[in-house]
Participant: 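Before we start, here is the structure in question, set down as structure tokens.
All chains are named by letter (A, B, ...) in the order of the sequence lines, taking the proteins before the strands, and each is independently numbered beginning at 1.
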Number of protein chains: 2
Amino acid sequence: MDHAETNDHGPEGAKSSVRNLLKGAGLRPTRQRVALASLLFARGNRHISAEILHEEAMIHRVPVSLATVYNTLHQFTGAGLLREVVVDGSKTYFDTNTDDHHHFYVEDDNVVIDIPPDSVTVDALPTPPPGMEITRVDVVVRLRRIPGRN
Amino acid sequence: MDHAETNDHGPEGAKSSVRNLLKGAGLRPTRQRVALASLLFARGNRHISAEILHEEAMIHRVPVSLATVYNTLHQFTGAGLLREVVVDGSKTYFDTNTDDHHHFYVEDDNVVIDIPPDSVTVDALPTPPPGMEITRVDVVVRLRRIPGRN
DNA sequence: ATTTGTGCAAATCGTTTGCATCTGA
DNA sequence: TCAGATGCAAACGATTTGCACAAAT
């Protein structure tokens, strides 16, 4: 699938596959999008907020504004590359895993963790009200640290 | 409609039970709390945002500031009279039903609906990561209007 | 060259807080 | 009385938007 081709933007050969990913999604592979997509998809499944992604971009010396990070995350979501995860009223998380799966949420730490695909099952889905259809079922298992342990 | 906000001395069934509710929860039954609690608990299970509750209070000519509505909702939640429902990243809903149950969420309309208690079942709960315990499991069934119907 | 994306700062939205004033037990 | 509650407005954090400029095709 991905060929590490000659690349003038640093040691990461993943960038050309990222370009294809973006093109396939109908998004122009601009410098910023490629850089952000690399950060997002290079290290497996991630749950990230705009702010954190922006910080990472800074660390990797990718000059992007926070506004562009927000825009980009939404574009990626619209293109099906990301999925929004709602676990908390005040912050939005984006999940690089777009498959059907559910989440743990550690409220103390604001951390989102994937639940392995087969360890939760929702059965007997309720009948939606008339004129409505189910678009998705989200399960959030809320966790807290057990006091007195580490 | 009823005129719950008049200060007559007659027996007000709903109002006095609301006072007891508040007292039982360790909250002083102030004018505003009684009024808000009446609005919240008088008509069965509700899913309400601070803004909507504030509007209702205005309609019923209960002078409360939006800040007090927020404070009150959180106090009620802390006292176990309400439950916060997280279905949407941008708004907080409060549920007058504190029993274990789950929700439909109509994304087009920002409406929260209770799912009847037995029509969803989550089984095979996942093992939490070490040092963590499950505090709650939330299921949100997202709905959308079927286009071309009413 | 044209179209599309970006950066910045200012604007917006929901929510919280500080503080002077009021009120219920 | 007097701790506790309220109102207002200002503060806040997360997200969005408007517009001049820059980059990709």
Side-chain angles (χ1 to χ4, degrees), chain A residues 7-9 15-16 18-37 47-55 57-58 61-79 81-82 84-94 110 112, chain B residues 5 7 9 15-16 18-37 47-55 57-58 61-79 81-82 84-94 110 112:
Chain A
N7 184 323
D8 48 325
H9 288 295
K15 291 215 171 167
S16 59
V18 162
R19 297 182 83 85
N20 293 336
L21 189 74
L22 294 176
K23 286 190 165 178
L27 294 170
R28 276 204 327 210
T30 65
R31 202 184 306 284
Q32 293 74 343
R33 283 180 184 163
V34 171
L36 294 177
H47 306 89
I48 206 171
S49 68
E51 205 178 6
I52 299 296
L53 181 56
H54 184 239
E55 281 173 17
M58 298 321 232
R61 302 209 185 65
V62 178
V64 219
S65 73
L66 182 56
T68 295
V69 171
Y70 274 105
N71 291 336
T72 302
L73 286 171
H74 285 134
Q75 288 154 0
F76 285 7
T77 302
L81 267 34
L82 293 176
E84 245 175 284
V85 185
V86 178
V87 282
D88 177 86
S90 63
K91 230 167 193 159
T92 304
Y93 292 88
F94 294 86
N110 286 60
V112 179
Chain B
E5 75 282 356
N7 35 330
H9 302 161
K15 214 176 170 182
S16 59
V18 162
R19 298 181 81 86
N20 292 336
L21 190 73
L22 294 176
K23 286 190 166 179
L27 295 169
R28 265 193 349 199
T30 65
R31 202 184 307 284
Q32 298 66 349
R33 284 180 183 162
V34 171
L36 293 176
H47 305 89
I48 207 172
S49 67
E51 205 179 6
I52 299 296
L53 182 56
H54 185 240
E55 280 172 17
M58 299 321 233
R61 301 204 189 69
V62 178
V64 224
S65 71
L66 183 55
T68 296
V69 171
Y70 274 105
N71 291 336
T72 303
L73 286 171
H74 285 135
Q75 288 154 0
F76 285 7
T77 302
L81 266 34
L82 293 175
E84 245 176 284
V85 184
V86 177
V87 282
D88 177 87
S90 62
K91 231 167 192 161
T92 304
Y93 292 88
F94 294 86
N110 287 58
V112 180

Participant: Rounded off to whole Å, could you give me the CD1-to-C1' distance for the A/I52 and D/dT15 pair?
Facilitator: 15 Å

Participant: If you assign each of B/R28 and B/A67 to its closest nucleotide in DNA chain D, which residue comes earlier from the 5' end?
Facilitator: B/R28

Participant: What closest approach, in Å, do A/T92 and A/E84 show between heavy atoms, and which atom pair accounts for it?
Facilitator: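 A/T92 and A/E84 have their closest heavy atoms at CG2-OE2, 3.4 Å.
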
Participant: So, OP1 or OP2 of C/dT4: does either fall under 4.0 Å of a side-chain N or O from A/Q75?
Facilitator: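 So the side-chain polar atoms of A/Q75 never come under 4.0 Å of the phosphate oxygens OP1 or OP2 of C/dT4.
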
Participant: Less than 4.0 angstrom between a side-chain N/O of B/S65 and OP1 or OP2 of D/dG7, yes or no?
Facilitator: yes

Participant: Closest nucleotide of DNA chain C for B/K23 versus for B/Y93: which of these residues is on the 5' side?
Facilitator: B/Y93

Participant: Reckon B/S49 touches a base, only the sugar-phosphate, or nothing at all at heavy-atom distances under 4.0 Å?
Facilitator: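 Nothing, no heavy atom under 4.0 Å.
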
Participant: For D/dG7 and B/T68 - does any side-chain N or O of the residue sit under 4.0 Å from the phosphate oxygens OP1/OP2?
Facilitator: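 Answer is yes, contact under 4.0 Å.
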
Participant: Among the nucleotides C/dG7, D/dT6, C/dA25, which one has an atom lying closest to any side-chain atom of B/Q32?
Facilitator: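 That would be D/dT6.
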
Participant: Hey, does B/H54 reach any base, or is it just sugar-phosphate, or nothing, if we go heavy atoms under 4.0 Å?
Facilitator: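 Contact class for B/H54: none.
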
Participant: Roughly, in whole Å, what's the span from NZ in A/K91 to P in D/dG13?
Facilitator: 11 Å

Participant: What is the distance, to the nearest angstrom, from the CD1 atom on B/I48 to the P atom on C/dG14?
Facilitator: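 The distance from CD1 of B/I48 to P of C/dG14 comes to 15 Å, rounded to the nearest Å.
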
Participant: Please report the C-alpha distance between A/Y70 and A/H54 in whole Å, then the side-chain angles of each, then the deciding distance to 0.1 Å, and finally whether the side-chain contact (heavy atoms from CB on, under 4.5 Å) criterion is met.
Facilitator: CA-CA 9 Å; A/Y70 274 105; A/H54 184 239; over 6 Å; no

Participant: Give a yes/no answer on whether the side chain of A/R31 brings an N or O atom under 4.0 Å of OP1 or OP2 in D/dA23.
Facilitator: no

Participant: Check the distance between C/dT23's C1' and B/L27's CG and give it to me in whole angstrom.
Facilitator: 16 Å

Participant: Check this one for me: any side-chain N or O of B/T92 less than 4.0 Å away from OP1 or OP2 of C/dT15?
Facilitator: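 True: B/T92 side-chain N/O within range (under 4.0 Å) of C/dT15 OP1/OP2.
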
Participant: Which of these, B/L27, B/V62, B/L22, sits in a side chain to side chain contact (heavy atoms under 4.5 Å, CB included) with B/V34?
Facilitator: B/L22

Participant: Using only side-chain N and O atoms of A/R33, determine if any of them is under 4.0 Å from OP1 or OP2 of C/dG5.
Facilitator: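 For C/dG5, OP1 or OP2 has a side-chain N or O of A/R33 closer than 4.0 Å.
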
Participant: Which atom pair, heavy atoms only, marks the closest approach of A/V69 to A/A50?
Facilitator: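 Closest heavy-atom pair between A/V69 and A/A50: CG1-O, 3.5 Å.
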
Participant: Would one find a side-chain N or O of A/Y70 under 4.0 angstrom from OP1 or OP2 of D/dT16?
Facilitator: no

Participant: Quickly work out the A/L66 CG to D/dT17 C1' distance and round it to whole Å.
Facilitator: 13 Å

Participant: Let me know the distance between CG of B/N71 and C1' of C/dT17, rounded to the nearest Å.
Facilitator: 9 Å

Participant: How far apart are the C-alpha atoms of B/V86 and A/V87, what are their side-chain angles, what is the distance that settles it, and do they pass the side-chain contact (heavy atoms from CB on, under 4.5 Å) test?
Facilitator: CA-CA 7 Å; B/V86 177; A/V87 282; 5.9 Å; no

Participant: At their closest point, which heavy atom of B/Q32 faces which heavy atom of B/P63, and how far apart are they?
Facilitator: CG-O, 4.5 Å

Participant: At less than 4.0 Å, is any side-chain N or O atom of A/H74 found next to OP1 or OP2 of D/dT15? Yes or no.
Facilitator: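 Result: no.
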
Participant: Choose from C/dG24, C/dG7, D/dA14 the nucleotide whose nearest atom is closest to any side-chain atom of A/E51.
Facilitator: D/dA14

Participant: What is the distance, rounded to the nearest whole Å, between atom CG of A/L73 and atom P of C/dG5?
Facilitator: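 Rounded to the whole Å, the gap is 15 Å.
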
Participant: Taking CG from A/D88 and P from C/dG14, how many angstroms apart are they, rounded to a whole number?
Facilitator: 17 Å

